[in-house]
Asks: 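Below you'll find the structure I mean.
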Amino acid sequence: MKKGDHLFLVDGSGYIFRAYHALPPLTRKSDGLPVGAVAGFCNMLWKLMQDARNTDVGVVPTHFAVIFDYSAKTFRNEMYPEYKANRSAPPDDLIPQFGLIRQATRAFDLPCLEIEGFEADDLIATYARLACEAGADTTIISSDKDLMQLVGPTVSMYDPMKDREIKVPEVIEKWGVPPEKMIDLQALTGDSIDNVPGVPGIGPKTAAQLLEQFGDLDTLLARASEIKQNKRRESIIEHAEKARISRELVRLKHDVPVPEGLDDLVLQPPNGPKLIGFLKAMEFSTLTRRVAEATGADAAAIEAMPVAVEFDGKAHGPDLDAGDAAQPAPAGPAGEAASGPQAMTPAALVTARAEAAAANPIDRTAYVTIRDLATLEAWLADARETGILSIDTETTSLFPMEAELVGFSIATRPGKAAYVPLSHRNGKGDLLGGGELIEGQIPFHDALAVLKPVLADRSVLKVGQNIKYDWVLLYRLGLPMAPLDDTMLISYVLDGGSSSGNTGGHGMDKLSERWLGHIPIPYKDVAGSGKSQITFDMVDIDRATAYAAEDADVALRLWQVLKPRLVADGLTAVYERLERPLIDVIGRMERRGIAVDRQILSRLSGDFAQSAAALEDEIYQLAGERFNIGSPKQLGDILFGKMGFAGATKTATGQWSTSARILEDLAAEGHELPRKIVDWRQLTKLKSTYTDALPGYINRDTKRVHTCYSMASTSTGRLSSSEPNLQNIPIRTAEGRKIRTAFVAEPGHKLISADYSQIELRVLAHVADIPQLRQAFADGIDIHAMTASEMFSVPVEGMPSEVRRRAKAINFGIIYGISAFGLANQLSIPREEAGAYIRKYFERFPGIRDYMDATKATARDKGFVETIFGRRAHYPEIRSSNPQVRAFNERAAINAPIQGSAADIIRRAMVRIEAALADAGLDDVEMLLQVHDELIFEAPEGQVEKAIPVIRQVMEHAAMPAVSMRVPLHVDARAADNWDEAH
DNA sequence: GTGGTCTCCTA
DNA sequence: GTAGGAGACCACA
């Protein structure tokens with residue numbers, strides 16, 4: 001940059017907010033994406049650049065940059081934590097526009113600058129200083145008073161919305177002080193919007209007058225006692241320190257370490273086609289035409305560019321990784337490098353990756369065992385080179401909270417994989433294990449010390465299959481890992497639904513077979529199975545290398561094949577918003593676990609055992625013989641054979657059915673035996689599944705129970721919990737509830753339970769857009785009573801409970817893809833009667849039938865259905881010629897968007913809640929469990945009252961801004977010493 | 001020992 | 001009628 005050059009600096013962030021509030025709202029025609037601020041921004045930039053080229057008016061920029069705030073947190077927060085603390089979140093329809101405006105800037109071929117920790121204003125101050133030193137002039141495109149301190153002989157401001165220049169005279173006219181005194185003036189007046197305190201009672205007029213009188217702030221504060229007005233004097237003396245802090249807050253930083261020098265900001269000639277591509281994608285037809293005219297481009301021949309919407313939620317078009325600073329560019333396999341992934345369409349990239357996978361078969365002989373630090377370091381250096389590290393840990397247990405690390409495998413490029421054994425032992429130990437450490441392994445802590453920085457390096461993407469396991473394990477060993485990608489979760493997003501099966505559908509062996517045409521070594525083959533199974537530390541190192549390195553290699557290859565499919569299928573947003581950010585959130589929940597009181601469980605076990613034994617005697621008495629009550633076969637013979645009870649039905653395999661339902665019916669007829677069997681079953685169930693089993697899951701180190709959540713084993717997007725399953729802890733009966741009292745908070749803490757009320761019915765009301773349901777939820781009235789009232793024309797007041805019960809069953813039936821058969825079963829009524837109810841229901845709520853028909857049609861056409869956030873559930877068998885299979889898939893397809901949308905909503909809440917709690921200063925409030933529509937937290941007693949509203953706020957607004965629900969979400973939250981009382 | 005069936009716990 | 005996990009039993013190997 002040289003003398004005579006002219007730098008234009010656009011205050012991008014400032015402009016966004018101003019344009020948003022000043023301009024009428026505008027949405028993209030085709031899909032309702034809000035783009036008002038984007039439109040204003042593009043028009044402004046184009047006008048600026050046009051004016052600049054019409055050399056007879058205005059000044060001509062030679063250098064140009066658009067500058068943004070990186071985030072709300074800056075160095076000023078360290079000086080003064082309350083700075084900008086009362087800023088509310090931006091409006092929901094503005095959020096997606098932030099990313100779009102950055103993309104617009106790039107489409108204009110303009111530098112788009114932002115630096116973490118600094119405000120846009122600081123960058124502007126820095127560049128203005130640099131330009132000044134180079135002898136050039138600067139025009140700041142903004143009207144923000146915070147920037148006026150920069151105005152001077154070579155720096156002016158320009159307000160694009162009012163077409164007005166701001167130079168020294170304008171500043172004096174507006175504020176009564178020259179630009180160089182603006183800092184002192186703002187220090188006195190403060191700023192309620194940014195939460196700069198200032199001196200109470202001092203406004204701009206008074207401040208200007210005082211500065212006129214005393215010259216500057218320091219003099220004023222030193223001689224404050226001379227001020228005549230009593231109130232003013234006292235206020236200034238009392239708040240002198242606040243004024244000083246305020247001065248530092250408003251003073252812009254002129255020496256930000258900017259990565260781009262001035263010479264990087266040289267204004268380039270306009271790239272018409274690129275800009276038109278973007279404008280077309282935004283559907284700005286007028287500006288598209290103008291740009292085409294001005295640049296001589298043929299707009300009709302230019303395609304709309306795929307625009308990544310950094311939208312919090314459902315993708316509007318392919319959500320490329322453009323906005324994801326955390327994620328390094330995917331490393332392409334050889335052969336693709338010539339064109340580079342960016343130059344290929346998503347579909348072409350998918351094809352290329354699949355072909356590369358097929359052409360590059362897996363060769364286990366190429367895997368190496370790393371036995372010294374230098375080699376390990378060289379491999380990790382390669383990972384920094386490629387920006388990607390596939391990793392897999394080998395351990396002694398499936399539970400990451402108690403597993404011991406035996407070794408780990410890594411892969412940096414397809415085919416380039418290695419295993420690092422750490423604690424393999426020989427078989428010389430006694431029966432308790434033991435054995436001696438085998439030689440030729442890197443010392444445990446040395447290897448981890450070398451691995452640690454790479455795992456923490458945000459420029460190296462860590463890829464794995466079910467990487468949450470490795471994350472939890474490695475975190476326990478003091479090795480945090482980020483960022484993460486998980487091939488299992490990518491597959492889950494791409495191919496979720498019944499097509500993938502409920503178990504192992506996204507397991508590595510299946511994925512490898514499907515996508516790479518390769519069957520990896522089964523775990524059984526290296527460690528055996530059953531009684532003869534050995535722990536991995538006993539596996540021969542050569543065999544372990546083949547197995548483990550292959551896993552890392554396969555995961556890397558799968559990642560290469562699957563990741564581009566996210567973009568091609570428009571599922572990036574689902575993965576980025578609902579899966580990826582949840583990995584470490586759930587990882588932390590698993591790590592925390594929950595305290596379970598062993599004494600309570602043990603006492604309950606005793607109680608249950610005693611009651612069950614008493615029942616057993618009575619049952620034998622009534623039956624006239626001893627038999628195994630727990631055997632449905634024997635029980636059926638006794639009840640329906642020997643004793644000849646009526647009403648027997650057969651199960652699918654021709655056995656007598658002894659389900660609770662049948663036994664209850666018999667009991668209702670006055671038979672004593674079936675009643676006692678039902679009670680016995682309940683007690684033994686509670687004992688064996690809960691009170692006996694749970695203590696075995698208490699971790700010996702943490703003394704807590706750490707369930708394992710699976711993020712990819714349901715067809716709808718729900719989580720599942722296992723080992724132990726904490727999502728089916730009893731609640732229905734008084735006896736069962738007692739088990740919940742054993743789930744307790746630590747001393748000095750409380751458990752908080754927050755659950756969504758009727759979330760699935762609310763989702764139904766939203767997606768099917770049913771006026772009566774929406775109204776009922778808006779009014780907060782009893783939804784089942786309302787349904788009954790509509791259906792049976794009875795007033796809600798004084799409604800018999802049986803009527804409400806039936807309506808409730810129908811409401812649930814609707815969510816489950818109702819059938820007359822199922823409803824008849826549920827209500828124990830004839831199928832004809834159930835059918836009549838359903839017809840009646842559809843008469844009253846025709847929108848629901850429309851929704852169901854539309855959902856079935858979509859599922860048939862596309863093979864999948866979608867949640868409101870775009871998660872897909874595949875049901876290919878809905879086209880089956882078997883009517884039973886078809887009907888089942890139809891019901892599942894109807895249920896999936898409802899259950900799945902609710903699951904997505906709570907996932908979104910979970911992703912956000914930690915930050916929300918931290919922002920509220922509640923870092924010690926910890927999320928422990930998720931039970932589909934409920935979240936359990938543990939909080940220090942003193943923080944409970946503050947935490948509950950934060951939790952509710954996040955949960956109730958979790959769908960926003962991606963989806964604005966037509967019905968409110970409602971969350972009930974309560975705190976207590978144990979889970980029973982909290983729920 | 002493994003896998004299927006039945007039953008029952010949850011949302 | 002949807003979505004799960006788990007324990008007990010029992011027939012099979």
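Lettering follows sequence order; numbering is per chain, from 1.
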Asks: Quick one: which of C:dC10, B:dT10, B:dC8 gets closest to the side chain of A:I731?
Replies: B:dT10
Asks: So what does A:S819 touch, heavy atoms closer than 4.0 Å: a base, only the sugar-phosphate, or nothing?
Replies: base
Asks: Roughly how many Å is it from CG in A:D972 to P in B:dA11, rounded to a whole number?
Replies: 14 Å
Asks: I'd like to know if A:Q727 reaches the base of B:dT10 with its side chain, counting only an N/O donor and acceptor under 3.5 Å.
Replies: no
Asks: Examine C:dC9: is either OP1 or OP2 under 4.0 Å from a nitrogen or oxygen in the side chain of A:Q655? Give yes or no.
Replies: no
Asks: In terms of side-chain heavy atoms of A:T653, which of B:dC6, B:dA11, B:dC9 is nearest?
Replies: B:dC6
Asks: In whole angstrom, what separates A:K650's NZ from B:dT5's C1'?
Replies: 16 Å
Asks: Which one of A:V705, A:V596, A:I936, A:V931 satisfies the side-chain contact (heavy atoms from CB on, under 4.5 Å) criterion with A:L726?
Replies: A:V705
Asks: Where the side chain of A:P730 is concerned, which of B:dT10, C:dG4, C:dG7 is the nearest nucleotide?
Replies: B:dT10
Asks: Think A:R681 has a side-chain N or O under 4.0 angstrom from the OP1 or OP2 of B:dC8?
Replies: yes
Asks: The side chain of A:R732 lies closest to which of these nucleotides: B:dT5, B:dT10, B:dT7?
Replies: B:dT10
Asks: Closer than 4.0 angstrom, basic N to acidic O: yes or no for A:K738 and A:D607?
Replies: no
Asks: Does the pair A:R681/A:E664 count as a salt bridge with the N-to-O cut at 4.0 Å?
Replies: no
Asks: Can you tell me if the side-chain N/O atoms of A:T733 get under 4.0 Å from OP1 or OP2 in B:dC8?
Replies: no
Asks: Taking the minimum atom-to-atom distance to the side chain of A:A693, which one of C:dG7, C:dG5, B:dA11 wins?
Replies: C:dG7
Asks: Calculate the interatomic distance between A:W656 atom CH2 and C:dC10 atom P; express it in whole Å.
Replies: 18 Å
Asks: Any base atoms under 4.0 Å from A:E934, or only sugar-phosphate, or nothing? Heavy atoms, all strands.
Replies: nothing
Asks: Rounded to the nearest 0.5 Å, how far apart are SG of A:C708 and CG of A:N725?
Replies: 11.0 Å
Asks: Should the side chain of A:K685 and the base of B:dC9 be counted as holding a donor-acceptor pair, with the cut-off at 3.5 Å?
Replies: no
Asks: Closest approach to the side chain of A:F888, judged atom by atom: which nucleotide of B:dT7, C:dA3, C:dG5 is it?
Replies: C:dA3
Asks: Compare the minimum distances between each of B:dT7, B:dA11, C:dT2 and the side chain of A:T651, then state the nucleotide with the smallest one.
Replies: B:dT7
Asks: Looking at C:dG4, I'd like to know if its phosphate oxygens (OP1 or OP2) sit under 4.0 Å from a side-chain N or O belonging to A:N728.
Replies: no
Asks: Does a nitrogen or oxygen in the side chain of A:R891 sit under 4.0 Å from OP1 or OP2 of C:dT2?
Replies: yes
Asks: Can you tell which of B:dA11, C:dC10, C:dA8 lies closest to the side chain of A:S688?
Replies: C:dA8
Asks: As a test of reading the structure: which of B:dT7, C:dA3, C:dA6 is closest to the side chain of A:S657, going by heavy atoms?
Replies: B:dT7
Asks: Could A:K650 and A:W656 be counted as a cation-pi pair, given that NZ or CZ must be under 6.0 Å from the ring centre and within 45° of the axis?
Replies: yes
Asks: Just to confirm, is there a sub-4.0 Å distance from OP1 or OP2 of B:dT7 to any side-chain nitrogen or oxygen of A:S659?
Replies: no
Asks: I want to verify a distance call: between C:dC9, C:dA6, B:dA11, whose nearest atom is closest to the A:H932 side chain?
Replies: B:dA11
Asks: Name the nucleic acid region contacted by A:A809, choosing base, sugar-phosphate or nothing; use a 4.0 angstrom heavy-atom cut-off, strictly under.
Replies: base
Asks: Would you call A:R675-A:D679 a salt bridge at under 4.0 Å N-O?
Replies: yes
Asks: With a 4.0 Å cut-off on heavy atoms, is A:A660 in touch with a base, just the backbone sugar-phosphate, or nothing at all?
Replies: sugar-phosphate
